[in-house]
Amino acid sequence: MTAILVAAGAFLMTLIGGYVAQRTGDRRHLVLGFAAGLMLGVVAFDLLPEALRQAPDEVHGVPQALLMFAAGFLAIHIVERAVAIHRGHEGEYAEHTHGHRHAHVPVHDQRVAGNAAPGIGLTAALALVGHSVMDGFAIGAAFQAGTTVGTVVAIAVVAHDFADGFNTYTITRLYGNDRRRALTLLVADALAPVTGAAITLLFTIPEQLLGLYLGFFAGFLLYLATSDILPEAHSPHPSRTTLVCTLVGVGFMWLVIGFAG
């Protein structure tokens, strides 16, 4: 039941992220930078060590946990490319590359992506909802591995769900969907972690499989932190302050895991 309560925290954080997306301020990049630091910290200091401990067997000289880590990274990369989640960013990065300047797209400016492609935004948002179900599953699975693992994974996931809520609302609106649909998808994304955590109450995951899953989820988190959240944080404001917030996030997770251990 602890996992369910933590997932409820993820529910609230997702809604907060969506609210902030509607009230986009000039400090959003600092929050995203800190969230990315939390995710990097939990991957390096907790998920991978725990995964290696529970799934140490090797395949062709490489621990199974590390193979699953690479698989998790590549899986979310393939999924995101398939549903065109990054379609909205490609124009920004292309202009930055060729014009040596940033072209940050305001959340509410639907003209950027064009109103002719609401299906892309809908598909991308639904993919984020599915990914949030896995976030809740990760919380439940982590608490099965132990209270320490569950706590640090919960911190990372809850922090990350702020960005999830933000992105769900942003992507839906960016591709021409109306505000009502964006809010509906935001609520679905907020409920998803609770659903995922509840699923883990139905069964106990064997230790070997749990180690493999933690490795897979570590790759999943690393991709989100480095390919989605950090570029988004630095896109409008390539500042040292954002980098400092990321370093603080990593250091904070180091302290949390150290004290917990």
Side-chain angles (χ1 to χ4, degrees), residues 1-7 9-10 13 35-80 130-161 163-164 192-229 249-250 252-261:
M1 294 305 296
T2 302
I4 298 295
L5 293 176
V6 172
M13 189 60 71
L38 292 179
M39 293 165 68
L40 292 172
V42 76
V43 167
F45 307 142
D46 188 72
L47 285 182
L48 280 181
E50 185 66 23
L52 287 168
R53 186 183 71 81
Q54 297 197 29
D57 295 341
E58 296 185 353
V59 176
H60 199 59
V62 178
Q64 292 177 353
L66 292 184
L67 290 175
M68 292 301 292
F69 170 72
F73 188 97
L74 293 174
I76 184 60
H77 173 68
I78 293 170
V79 169
E80 285 203 334
H131 145 241
S132 292
V133 173
M134 294 303 297
D135 277 353
F137 188 88
I139 293 174
F143 273 103
Q144 288 192 21
T147 302
T148 300
V149 179
T151 301
V152 294
V153 168
I155 291 173
V157 169
V158 170
H160 163 244
D161 277 350
D164 259 7
V194 180
T195 302
I199 291 173
T200 63
L201 298 179
L202 303 177
F203 57 90
T204 300
I205 306 173
E207 183 173 289
Q208 175 73 10
L209 290 179
L210 189 57
L212 296 178
Y213 176 76
L214 292 177
F216 184 88
F217 185 64
F220 197 86
L221 274 188
L222 182 65
Y223 181 88
L224 291 174
T226 57
S227 297
D228 278 351
I229 297 180
V250 173
F252 177 75
M253 285 310 306
W254 183 20
L255 290 176
V256 168
I257 294 168
F259 285 128

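Only heavy atoms go into these numbers, but all of them, side chains included; no hydrogens, no water, no symmetry mates.
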Result block: side-chain N/O donor-acceptor pairs under 3.5 angstrom for residues 67-75, not counting sequence neighbours:
none

| So, for Leu214 and Ala145, which heavy atoms are closest and what is the spacing to 0.1 Å? | CD1-CB, 4.3 Å
Which pairs of donor and acceptor atoms, one on a side chain in residues 38-45, lie under 3.5 Å apart (sequence neighbours left out)?
none

| remark: Residue pairs passing the side-chain hydrogen bond (donor to acceptor under 3.5 Å, both in side chains) test with at least one member in residues 49-62, sequence neighbours excluded, are Glu50-Arg53, Glu50-Gln54
| remark: Contacts satisfying side-chain hydrogen bond (donor to acceptor under 3.5 Å, both in side chains) that involve residues 65-74 (not counting sequence neighbours) are none
| message | Could you work out, with side-chain contact (heavy atoms from CB on, under 4.5 Å) as the rule, every residue matching Leu52, not counting sequence neighbours? | response | Pro63, Ala65, Leu66
| note | Smallest heavy-atom separation, Leu210 atom then Ala141 atom, equals CD1-O, 3.4 Å
| field | Pairwise side-chain hydrogen bond (donor to acceptor under 3.5 Å, both in side chains) hits with a residue in residues 199-216, at least two apart | value | Gln64-Gln208
| remark: Minimal heavy-atom distance between Ala10 and Pro193, with the atoms involved, is CB-CB, 3.9 Å
| said: If I compare all heavy atoms of Ala154 with all of Phe143, which pair ends up nearest, and what's the gap? | reply: CB-CE1, 4.4 Å
| message | Please find the pair of heavy atoms, one from Tyr223 and one from His77, that lie closest to each other, and give the distance. | response | OH-ND1, 3.1 Å
